[in-house]
Amino acid sequence: MALLTLAGRLKKTQHPILLSLIHHQVTTHPPSLSSHKKHSLVLASYQTLNVPTQAPCHISTLRFFSTQTLNDPLEIFVPKSHTRDPQEMGLLQLLKRVAHSASEVEVMASLDDSGIKPSQDLIYSLIWALRDDWRLAFLAFKWGEKWGCCSDESVCNLMVSILGSHRKFNTAWCLIKDLNRSSMDVKRAMLIMVDRYAAANYPCKAIRTVHIMEKFRFRPDEEAFHALLHALCKYGNIEEAEEFMLVNKKLFPLETEGYNIILNGWCNIATDVFEAKRVWREMSKCCITPNATSYTHLISCFSKVGNLFDSLRLYDEMKKRGWVPGLEVYNSLVYVLTRENCHKEALKILDQMKATGLKPDSTTYNSMIRPLCEAKKLEEARSLLATMIGENLSPTIVTYHAFLEGAGFEGTFEVLHRMRVAGLGPNDDTFLLILGKFFKLGQPENAMKIWVEMKQYEVVPTSAHYMAMVEGLARCGRLINAKELYDEMIKNGFLDDPKLKKLLKLPKKNNKDKREQVRRVRRDKGGNLLNASNMKLRKGRKRPRKKKTSVEGSKS
């Protein structure tokens with residue numbers, strides 16, 4: 001209660017913009033979809049649709065991040081206790097050598113002639129190793145299928161996921177149909193397709209995939225319903241997910257779990273506090289009782305936007321209703337308290353958490369170290385780091401990135417060295433963060449020195465690094481250096497970027513040079529030089545009209 005009183009006092013002195021964030025109420029509902037779009041969302045009819053050949057149904061939605069690269073949650077497919085088969089490397093080299101210059105029949109013959117007898121584990125491992133090249137992965141799958149090593153669902157689901165991640169949806173559907181004909185359970189494969197369509201920004205196709213489940217001998221159930229909601233929200237189609245849930249409430253009655261998925265979308269993916277409040281009110285209108293997960297999501301959202309008062313109010317309300325706050329709630333609280341300059345109170349919350357039997361983790365300490373580093377309070381951050389290590393908690397890459405935010409030029413190299421010693425990089429994101437920091441501080445020289453040092457840490461520049469460097473140098477007035485790096489970027493095979501090309505346009509020549517180029521030089525009948533202005537004057541003069549001489553006059 002004391003913390004809530006403290007938050008109340010802070011609230012009175014908060015910036016008016018933050019107060020408007022706290023008190024602003026959004027009463028509008030998501031824009032209603034047209035009857036045509038609603039029809040495409042309704043599940044009750046269970047229409048059989050040919051998903052692979054249909055054009056994508058584009059629904060207007062607010063995109064919160066790019067989905068150009070479909071990052072499949074492949075962690076679920078990582079081989080467990082994987083010991084590399086010594087034959088795997090030979091097969092990988094053979095596939096890469098013959099696949100791009102031979103037909104499929106010739107590739108299969110080459111693999112057969114290798115003398116290696118495939119097993120289910122070997123094929124799974126091979127497909128996993130080739131996940132970045134769908135063609136090679138599919139050839140490995142077909143070879144395993146030929147030898148009867150792809151009868152396990154896990155191998156097939158991995159292949160479907162890889163095809164979907166590379167947007168090879170038609171090929172994936174052909175595979176699913178083949179598996180269905182062989183009486184294999186394809187429900188998991190179809191849920192993977194739902195996720196891949198959502199990642200590719202095809203929400204309508206994700207929905208239609210759930211529609212056609214009956215065609216594959218099972219009706220959509222709660223698992224499929226929640227998987228669809230989760231996939232749509234995860235990739236930014238939160239409005240579509242909410243509309244889908246409301247339209248299908250007769251088939252799948254509104255309940256806490258469904259609303260929690262929507263709430264998580266607005267709170268942790270979009271971080272839209274206005275929409276999160278609206279969904280919370282909708283739950284109350286529909287007599288849906290929030291549970292511990294609901295409170296956790298909303299507290300997390302308020303914490304991220306720095307709303308200390310409502311974070312603590314919901315924490316007290318959660319406990320009064322009998323829900324036990326979990327580690328995520330405490331992590332949110334220590335973050336918002338530290339961010340709002342209440343570090344001592346954050347440490348008290350930490351003690352309170354330990355008293356309940358919860359053990360702080362690396363995320364807990366990172367939640368305090370990050371805002372301290374952002375506020376340049378490096379001594380307090382180092383003290384917390386020492387406490388963290390004293391409790392046998394290893395710093396993570398997030399910890400080091402937090403210190404990099406507040407480090408100077410020399411301090412940056414010290415942190416990078418510590419990261420290398422700890423075996424935590426530095427990686428691509430580390431150098432993007434550092435480059436962005438120095439350009440933000442208006443220090444292009446330091447950014448260029450870091451660019452050279454990247455090679456010492458075995459980090460190969462990506463298109464993102466080149467773009468950050470070129471844009472940063474151009475904005476800092478280092479156009480020559482920016483142009484050189486842009487040329488290097490194109491030479492290394494990265495695509496042209498219109499934004500950078502526009503930014504790199506050289507300054508226009510001065511008006512004097514321009515006039516010199518435009519000037520036309522001609523000679524008049526007397527041999528005098530005429531410039532453009534004289535020509536204009538001469539052009540403007542009216543020449544005397546010659547008198548016409550009639551034929552009769554000439555004769556006379």
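- A donor atom on one side chain and an acceptor atom on the other are found under 3.5 Å apart for Asp195 and Tyr235.
- For the atom pair OH (Tyr335) and CG (Asn366), the distance works out to 12.0 Å, reported to the nearest 0.5 Å.
- With a 4.5 Å cut-off on side-chain heavy atoms, Met190 and Met213 count as touching.
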Starting from the C-alpha separation in whole Å, work towards a yes-or-no answer on side-chain contact (heavy atoms from CB on, under 4.5 Å) for Lys359 and Thr364.
CA-CA 9 Å; Lys359 203 174 177 184; Thr364 310; over 6 Å; no
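- Val210 places none of its side-chain heavy atoms less than 4.5 Å from the side chain of Phe225.
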Before you tell me yes or no, could you show the steps for Tyr259 and Glu282 under side-chain contact (heavy atoms from CB on, under 4.5 Å), namely the whole-Å CA-CA distance, both residues' side-chain angles and the distance that decides it to 0.1 Å?
CA-CA 9 Å; Tyr259 264 108; Glu282 289 296 323; 4.2 Å; yes
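- Listed here is the closest heavy atom pair of Pro395 and Met388: CA-CE, 3.6 Å.
- Residue Leu232 comes nearest to Ala198 through the heavy atom pair N-CB, 4.2 Å, listed as atom of the first residue, atom of the second, then distance.
- Of the N and O atoms on the side chains of Ser294 and Asn291, at least one donor lies less than 3.5 Å from an acceptor on the other residue.
- Counting non-hydrogen atoms of neighbouring residues, nucleotides and ligands closer than 6.0 angstrom, the NZ atom of Lys354 exceeds 12 such neighbours.
- Glu239 has its side chain out of reach of Phe244: every pair of non-hydrogen atoms, C-beta onward, lies at least 4.5 Å apart.
- Remark: the backbone N or O of Leu500 is paired with a side-chain donor or acceptor of Asp497 at under 3.5 angstrom.
- A distance of 6.0 Å or more separates the ring centres of Phe302 and Phe309.
- Taking both residues in full, the closest heavy atoms of Tyr295 and Pro290 are given as CE1-CB, 4.0 Å, listed atom of the first, atom of the second, then distance.
- A salt bridge links Glu471 with Lys499; the closest basic N to acidic carboxylate O contact falls under 4.0 Å.
- The two residues Ala140 and Leu130 have their closest heavy-atom pair at CB-CD1, 4.2 Å.
- Using modelled atom types, no side-chain atom of Thr338 and backbone atom of Ala346 make a donor-acceptor pair closer than 3.5 Å.
- A heavy-atom distance below 4.5 Å is found between the side chains of Asn201 and Asn237.
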Working note: Phe138 + Trp143, criterion ring pair (Phe, Tyr, Trp, His ring centres under 6.0 Å); need CA distance, chi angles, decisive distance, verdict.
CA-CA 9 Å; Phe138 198 49; Trp143 185 57; over 10 Å; no
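- Tyr330 is not listed as a side-chain neighbour of Leu350, based on a closest heavy-atom distance of 4.5 Å or more.
- Between the side chain of Arg131 and the backbone N or O of Trp128, at least one donor-acceptor pair lies under 3.5 Å.
- The two residues Ala270 and Ile238 have their closest heavy-atom pair at CB-CD1, 3.8 Å.
- Annotation: side chain of Ser463 is not in contact with side chain of Leu495 (no heavy-atom distance under 4.5 Å).
- For the atom pair Trp280 CH2 and Cys267 SG, the distance stands at 8.5 Å (nearest 0.5 Å).
- Judged by distance alone, with hydrogens and angles left aside, the side-chain atoms of Asn264 form no donor-acceptor pair with the main-chain N or O of Asn260 at under 3.5 Å.
- If you check the side chains of Thr462 and His465, you find a donor sitting under 3.5 Å from an acceptor.
- Rounding to the nearest 0.5 angstrom, the gap separating the CD atom in Glu240 from the SG atom in Cys233 is 9.5 Å.
- Annotation: cation-pi pair Arg321/Trp323 absent, no NZ/CZ under 6.0 Å from the ring centroid and within 45° of its normal.
- For the residue pair Tyr365 and Glu391, a side-chain donor N or O sits within less than 3.5 Å of a side-chain acceptor on the partner.
- Side-chain N or O atoms of Thr209 include one that pairs as donor or acceptor with a backbone N or O of Lys205 at under 3.5 Å.
- Contact check on Arg278 versus Glu242 returns a salt bridge, with a Lys/Arg side-chain nitrogen under 4.0 Å from an Asp/Glu carboxylate oxygen.
- Phe169 and Tyr197 have parallel rings, their planes meeting at less than 30° on a 0 to 90° scale where 60° marks the start of perpendicular.
- Of all heavy-atom pairs spanning His226 and Ile261, the tightest one is O-CD1, 3.8 Å.
- Ser125 and Glu88 form a side-chain donor-acceptor contact under 3.5 Å, judged by distance and modelled atom types alone.
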For Val459 and Asn427, run side-chain contact (heavy atoms from CB on, under 4.5 Å): C-alpha distance rounded to whole Å, both residues' side-chain angles, the deciding distance at 0.1 Å, then the answer.
CA-CA 7 Å; Val459 174; Asn427 60 17; 5.8 Å; no
List the steps, then state whether side-chain contact (heavy atoms from CB on, under 4.5 Å) holds for Thr293 with Glu257.
CA-CA 9 Å; Thr293 304; Glu257 188 174 350; over 6 Å; no
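- Here the straight-line distance linking atom OG1 of Thr399 with atom CG of Leu424 works out to 8.5 Å at 0.5 Å rounding.
- Taking the side chain as every heavy atom from C-beta outward, Met193 and Trp173 approach each other to under 4.5 Å.
- A donor-acceptor pair under 3.5 Å is formed between the side chain of Glu255 and the backbone N or O of Gly258.
- Classification of Lys320 and Glu317 as a salt-bridged pair fails, no side-chain N sitting under 4.0 Å from a carboxylate O.
- Ser311 places a side-chain N or O within 3.5 Å of a backbone atom of Asn307 that can act as its donor or acceptor partner.
- Under the salt bridge (charged side-chain N to carboxylate O under 4.0 Å, His left out) criterion, the residue pairs touching residues 135-150 are Glu104-Lys142, Asp112-Lys146, with sequence neighbours excluded.
- Salt bridge annotation for Lys187-Glu223: present, with a cationic side-chain nitrogen under 4.0 angstrom from a carboxylate oxygen.
- Separating the OG atom in Ser119 from the CG atom in Leu126 is a distance of 10.0 Å, to the nearest 0.5 Å.
- A donor-acceptor contact closer than 3.5 angstrom links the side chains of Lys304 and Asn268.
- In this structure, the side chain of Lys437 engages the main chain of Leu404 through a donor-acceptor pair within 3.5 Å.
- Residues that satisfy the side chain to side chain contact (heavy atoms under 4.5 Å, CB included) test with Ser103, not counting sequence neighbours, are Val105, Glu106.
- For the atom pair CG of Leu179 and CE of Met159, the computed distance is 11.5 Å after rounding to the nearest 0.5 Å.
- Taking the side chain as every heavy atom from C-beta outward, Leu246 and Leu254 approach each other to under 4.5 Å.
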